[in-house]
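First up is the structure itself, then whatever we jot down about it.
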Amino acid sequence: MQNSEISRLFDDLADLLEIDGANAFRLRAYRNAARLISDLPEPMADIVADSERSPDELSGIGKDLAKKIVTIVETGSLPQLEEMQEKIPAGVVDMLRLPGLGPKKAAVLFHDLSITNLDELKAAAEQGQIHSLKGFGKKTETSILEGLARAQESIGRVFLADAKPQADAIVDSLAKLPSVKQISTAGSLRRRRETVGDLDVLITADDSTEPMNALAEHELIEQVLARGDTKQRVRLRSGLEMDLRVVPEESYGAALQYFTGSKDHNIVIRRRAQDRGLKINEYGVYRGDESIAGRTEEDVYAAVDLPWIPPELREDRGEIERAENNALPTLIELSDIRGDLHMHTTATDGTATIAEMAAAAKARKLKYIAITDHSKRVTMAGGLDADRLRAHWKEIEKVNAATSGIEILRGIECDILEDATLDLPDDVLAEADWVIAVLHYGLKQPQAQIHERLLTAIKNPHVNIIGHPTGRLIGKRPGAEMNISEILKAAADHGVMMEINAHPSRLDLNDTSAAAAKDLKIPIVISTDAHAVTGFDVLQYGIYQARRAGLEKKDVANTRTWAQFKKLLR
DNA sequence: GCCGTTTTCGGCCCGACTGTTTTCAGTCG
């Protein structure tokens, strides 16, 4: 039982208890425990197995939660959760994903209208049954329908960061089988799209029996949905579905190219083949009946006179023309990154101290970090006013002086307020090493107002970068309305950098906007926004997004040393 | 639910906004 799975059970239970109207502090205890467990650097199962130790040695875990954790580790399930699931249908929990619907409203819809899933919710909203409920109105009804429309687009898609570890675990175990020669993921996961609909895995093997049996029995697999000689479809415990394809060695490259996509990219490639009197399918490249390529992807691309194209670029967004002109970028790698310039500590809503974050960053071979806690507007996080910020900076200086091997910079994540002023005065911002300006609130304002806010920040001489520029949360919230290219032009004019926030639910800027920023020669900074020492782990997903944008090492400012980086600051 | 303790139960980060209401509950971060 993984920490993430234990954490998930507590989060699920908290959702259900919330709809059930449980005490808010009890919920907090469950959610704290869930976060604590998922951030825990060692497996909870190890603590349970150790007779000298118990989960309640962790602050935030008491006798009751410790008992539940032991139950989960030993039996794989939590009786209280199952009881609650009997009481409240899963579809009611789904309603919480819609913006504007929280636990109280979901409970009213469930109890008063007997709505148990999103389909029934849609029908009720369309029939106008909702606006007459107490506490609801016309606007709520409309926003429910809008939220449902958006939720349906992203249904079944999960964050790359959730899908990839599962795919990797399966690939790793299948790769160890004696009969398996080659193995790779394909599809949107291989292209590192920010969300993934299902998993595709390709193998070459002498015989499909062993890998298919092994997959059927893999601990992550819940059910085999279909099985033939060359293709098996399974459902994972997480709900994701996966196709395993067994192909002959002479077709591996062709199949990998075919199943990696994207569809649009492949259409252009196949058209090139036609122009050359060739035919490409998942088995190979053919001239008439004769196979002329297919063993490797390089061979397939070479057959249409192209160099191999990195999967992240295969979206028919100009990569084929670039390949033809030998102008493909050398994409940035995780190991190119030298510093991380966005993170939080216990001063606001982080879980680790300055020193702990610095040590964790150093262990990841980073040479510099900026501590960028929240400004005072973010009250829930205990955001810093000028006095507390200056005291915090003193503390950072102290830790920096006492630490070797990594430079710790004094930063701030300063809110751009709804009235287009900054949350801290200029004389304070002027003292910082690094100022990130961000929108957190009022994201629904009209575009003109959003622009005014962003332009105010961009024009402020102390602002170095705009953090998570759109404020989107993938699959949940679309981000503020803006003309991003206009904002980027202003940033380019004023020497303001742009962030790719690496958090899997943000990845903001997205791939296309980051590519646009590159075209304007805006230095891009890939940041983790870490709120815990484990928060640095998401850096990889920021790199994937940057690769999809075609970014090279030189396009990303935090691949430089801090001394070099400083020269980019205005 | 947890914690700390004045060892038995009270306190636990909360301010702004929205849409509802006509003084505020629910949602958000």
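Within every chain, numbering begins at 1; the chains are lettered A, B, ... in the order of the sequence lines, protein sequences first and strands thereafter. What you see is a predicted model; the values in this text were computed from it and never measured.
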Exercise. What string of B, S and - do you get for nucleotides 13-18 of chain B, 5' to 3', when a contact is any protein heavy atom under 4.0 Å?
Worked result: B-SSS-
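One can place CZ of Arg26(A) at 18 Å from C1' of dG10(B), the figure rounded to the nearest angstrom. Per the geometry, CD belonging to Glu18(A) stands 12 Å off P belonging to dG26(B), to the nearest Å. For the pair Met95(A) CE and dT27(B) P, the computed distance is 12 Å after rounding to whole Å. Straight-line distance from the CG atom of Asp56(A) to the C1' atom of dG4(B): 15 Å, rounded to whole Å. One atom, CG of Leu13(A), and another, P of dC2(B), lie 12 Å apart when rounded to the nearest Å. Here dT21(B) presents its C1' atom at 15 Å from CG of Leu133(A), a figure rounded to the nearest Å. When the P atom of dC28(B) is taken as reference, atom CG of Leu439(A) falls 19 Å away, rounded to whole Å. Whole-Å rounding puts the Leu27(A) CG to dG11(B) P distance at 19 Å.
Separation of the C1' atoms belonging to dC12(B) and dC17(B) is 24 Å when rounded to the nearest angstrom. Taking the C1' atom of each, dC14(B) and dC9(B) are spaced 24 Å apart, rounded to whole Å. dG10(B) and dG15(B): their P atoms are spaced 23 Å apart (whole Å). Rounded to whole Å, the P atom of dA16(B) lies 24 Å from the corresponding atom of dG11(B). As rounded to the nearest Å, dT21(B) and dT27(B) have P atoms that lie 14 Å from one another. Comparing dT22(B) with dC28(B), their C1' atoms sit 24 Å apart, to the nearest whole Å. Rounded to whole Å, the P atom of dT20(B) lies 32 Å from the corresponding atom of dC13(B).
Ion pairing of Glu499(A) with Arg506(A) is absent here, as no side-chain N (NZ or NE/NH1/NH2) approaches a carboxylate O to less than 4.0 Å.
Figure legend. dT8(B) is base-paired to no nucleotide; pairs are counted as Watson-Crick or G-U wobble with both atom distances under 3.5 Å.
Using a 4.0 Å heavy-atom criterion, one finds that Ile61(A) contacts the sugar-phosphate atoms exclusively. Note on Ser143(A): nothing from the nucleic acid sits closer than 4.0 angstrom, heavy atoms only. Within 4.0 Å of Lys68(A), counting heavy atoms only, lie sugar-phosphate atoms of the nucleic acid but no base atom.
The nearest heavy atom of DNA chain B to Thr140(A) and to Phe25(A) marks one nucleotide each, and the one closer to the 5' end goes with Phe25(A). With the nearest nucleotide of DNA chain B identified for both Lys105(A) and Lys134(A), Lys134(A) has the one nearer the 5' end.
Taking 90° from 0 as the syn/anti boundary, the base of dT7(B) is oriented syn.
Figure legend: Lys105(A) and Phe136(A) shown as a cation-pi pair, the cationic atom lying under 6.0 angstrom from the six-membered ring centre and within 45 degrees of its axis.
Checked against the 6.0 Å centroid threshold, Phe565(A) and Trp434(A) count as a close aromatic pair. Separation of the His440(A) and His374(A) ring centroids falls under the 6.0 Å cut-off.
The environment of NZ in Lys376(A) is crowded: more than 12 heavy-atom neighbours from other residues, nucleotides or ligands sit within 6.0 Å.
Of the candidates dC3(B), dT27(B), dG1(B), dG1(B) carries the atom nearest the Asn23(A) side chain, counting heavy atoms from C-beta on.
When only modelled atom types and interatomic distance are considered, Ser513(A) and Asn510(A) share a side-chain donor-acceptor pair under 3.5 Å.
Summarising the geometry of Asp340(A) relative to Ile526(A), their closest heavy-atom pair is OD1-O, 4.5 Å, with the distance given to 0.1 Å.
A heavy-atom distance below 4.5 Å is found between the side chains of Lys122(A) and Glu126(A).
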